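These numbers come from a predicted model, not from an experiment. A, B, ... follow the sequence lines: proteins, then strands. Residue 1 opens every chain. Heavy atoms only: backbone and side chains are in, while hydrogens, waters and symmetry mates are out.
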Amino acid sequence: MIDLVLKFARLGVFPTSVWTTQFVTMLSWKRKINSAWNLLDELMKLEAPVDAAPCNALLTGLGKEMDIKKMNAVMVKMKEAEIQPDVVTFGILINHLCKHRRLDQALEVLDKMQGEMSIEPDVVIFNTIIDGLSKVGRQEEAFELVEKMKSQHRGCSPNTVTYNCLIDGFCKAGEIDKGINLFHEMQEMELVPNAITVNTLVHGMCMYGRTSNAVRFFYEMRSKGLWGTAVSYTSLIDAFCKVNNIARAIEIFDEMVTDGFPPDSYVYYTLISGLTRAGRMNEALTYFQTLKDSGFSPDVVCYNVLISGLFNTNKADKAREIFEEMEKAGARPDGVTYNTLIAYHAKDGNFIEARKLLKKMVNEGHVPTVVTYGALIHAYCLNQKVNEAMALFKELRGSSKVTPNGVIYNILIDCLCKKQDVQQALALMDDMEVRGAKASANTFNAVFRALREERMVNKAFELMDRMVRQGINPDYMTMDILTEWLSGIGEMEKLRRFVEGCTVSEGDHAAGDGAAAAAS
DNA sequence: GTAGGGTTAG
């Protein structure tokens, strides 16, 4: 067909722009974006009438393939051929930039279209940017933009989508009350909230532990005829699972069915993951079966959740069975699957099987990561093979393929401290600071415990200073260890200073006061 | 060309 179109074109018989657009759309839909590009290019060379629409179709296709270079090339070609980009052209570009969190560039394009291109942005353009800003935590700027839409842009006032984006932005930032205010504001402006508005607010409340508010809001809206969708039920189920209220989660699941929303794969995944976290594997497997009976094919993540849950509850046989099923079902095991298997066998002391799996993983084209090696190192530690753990660590440190991160150091430091090998643990603490691996309160807690055993209080003061310097907050465990230790030796003043973010080492008071001033 | 849910491994 393409050949035929081009044959006609060479004779001066051109497809209309609508036809060309349909060709391009169809080709990029079939993932033949290069053919689409060539067709359009050929037609333009033959000086066929090409306007913005087919170019837009090509840009959309390239956007899906994340080919930003070619997208720019299309823009250049349009300019050369003097094809005026329209508001949709800019919509595609801005959307692409926003989805890749390049908001400043998106704002630049907005500026450019208003300025030198003199094309008025429409409500879709604004909504895209407002959503983008909200998603990168710049919801205040998004809010300002909405104010601007209200005051400056006649014929382009905010709509329901605008508010949904903005509400989501504030909810994700934890400002639920602001989200609720905006919900009221949109109604004052006679904008009708829809199911997505409800889903967004319910999710926001759930995410910040206001589950009972979410439930109340959800029912209240429902009684007014404003229904959420399966998405709202999913958020509620997830929230109840996370506080280990499985009974309530299942109730919501059943309610969803009675309310006439057939469960989709997301709802099943949520419940299965919640049941797995709770260690209730039999029920998880029952819902897993129902999911398959309903005609869904579980994805890799769902399989991974089950496999790790089964290993954690000592159901290794069942885990292996699910692993085999997944291979048969055509859900290709990924790096996480292999990491899970490797971790289990290694912890079990079966390092031969673990190494075998590592080989298989590589053969299947998955690159072992810092997590893979972390699993092995952790297992060596648990199996009293500290030397092997250190050897593997040194191997990593000397090679460039995987850089040990904070977790790796934590595992080793914790292990060394439990063996009361304080010197080597301290050496690793220094090494991790030099290498820029991030320590956590956990790291320090392990070392403090060992130092207390060895009565090395000055070293502890030094580390307390390091914690302050690195901006790592003590957790309740840190406080527990230090309070018990320091109160017993009359050093509570030091602890007090530490909590206030000051330096505690001897003869360092001036610096300490400076740090206090900086902290305040 | 614009809005909403689950992500598992050390």
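A side-chain donor-acceptor contact under 3.5 Å links A/Asn199 and A/Thr229. Counting only N and O atoms by type, the side chains of A/Asn194 and A/Thr160 include no donor and acceptor under 3.5 Å apart.
The side chain of A/Asn405 has B/dG10 as its nearest neighbour among B/dG1, B/dG10, B/dG4. Nearest nucleotide to the side chain of A/Lys99, out of B/dT7, B/dT2, B/dG1: B/dT2. Among the nucleotides B/dT2, B/dT7, B/dG10, the one closest to the side chain of A/Asn95 is B/dT2. Comparing B/dG1, B/dG10, B/dG4 by their nearest atom to the side chain of A/Thr60 picks out B/dG1. Of the candidates B/dA3, B/dA9, B/dG1, B/dA9 carries the atom nearest the A/Ser308 side chain, counting heavy atoms from C-beta on. For A/Lys347, counting side-chain heavy atoms from C-beta on, the closest listed nucleotide (B/dT2, B/dG4, B/dG10) is B/dG10. When distances run from any side-chain atom of A/His378 to the nucleotides B/dG10, B/dG5, B/dT8, the shortest one goes to B/dG10. Proximity note for A/Thr340 (side chain, C-beta onward) versus B/dA3, B/dA9, B/dT8: the nearest is B/dA9. Of the candidates B/dG1, B/dG10, B/dA9, B/dG1 carries the atom nearest the A/Val88 side chain, counting heavy atoms from C-beta on. Comparing B/dG1, B/dA3, B/dG10 by their nearest atom to the side chain of A/Val407 picks out B/dG10.
The distance from atom CZ of A/Phe218 to atom C1' of B/dG5 is 12 Å, rounded to the nearest whole Å. Whole-Å rounding puts the A/Lys242 NZ to B/dG5 C1' distance at 10 Å. When rounded to the nearest whole Å, the span between CD1 of A/Ile125 and C1' of B/dA3 equals 16 Å. Note: CG (A/Asn164) to P (B/dT2) measures 15 Å, nearest angstrom. Across the protein-nucleic acid pair, A/Asp264 atom CG and B/dG4 atom P stand 15 Å apart, rounded to whole Å. With rounding to whole Å, A/Ile130 atom CD1 is found 12 Å from B/dA3 atom P. In this structure, A/Asn194 places its CG atom 14 Å from P of B/dG5, rounding to the nearest Å. In this structure, the CG atom of A/Asp299 is 16 Å from the P atom of B/dG5, given to the nearest Å.
Between A/Tyr233 and the choices A/Val267, A/Asp264, A/Asp259, A/Thr270, the side chain to side chain contact (heavy atoms under 4.5 Å, CB included) rule is met once, by A/Asp259. No option in A/Tyr266, A/Phe261, A/Tyr287 other than A/Tyr287 meets the ring pair (Phe, Tyr, Trp, His ring centres under 6.0 Å) test with A/Phe253.
Base contact: A/Asp122 has a heavy atom under 4.0 Å from a base atom. Residue contacts shown for A/Thr229 include a base, since a base heavy atom lies under 4.0 Å away. Within the nucleic acid shown, A/Ala379 has no heavy atom closer than 4.0 Å to any nucleic acid atom. Counting any heavy atom pair closer than 4.0 Å across all strands shown, A/Asp86 reaches no nucleic acid atom. Using a 4.0 Å heavy-atom criterion, one finds that A/Ile237 contacts no nucleic acid atom at all. In this structure, A/Val231 reaches the bases: a heavy-atom distance under 4.0 Å links it to at least one base atom across the strands shown. Base engagement by A/Val370 is indicated by at least one non-hydrogen atom pair under 4.0 Å involving a base atom. Using a 4.0 Å heavy-atom criterion, one finds that A/Val267 contacts the bases of the nucleic acid, with or without backbone contacts as well. In this structure, A/Thr234 reaches the bases: a heavy-atom distance under 4.0 Å links it to at least one base atom across the strands shown.
Annotation: cation-pi pair A/Lys178/A/Phe143 present, NZ/CZ under 6.0 Å from the ring centroid and within 45° of its normal.
Between A/Lys150 and A/Glu147 there is a salt bridge, since a side-chain N of the basic residue sits under 4.0 Å from a carboxylate O of the acidic one.
Side chains of A/His96 and A/Arg102 form no contact here, defined as non-hydrogen atoms less than 4.5 Å apart.
For A/Lys135, no side-chain nitrogen or oxygen approaches OP1 or OP2 of B/dT2 to under 4.0 Å.
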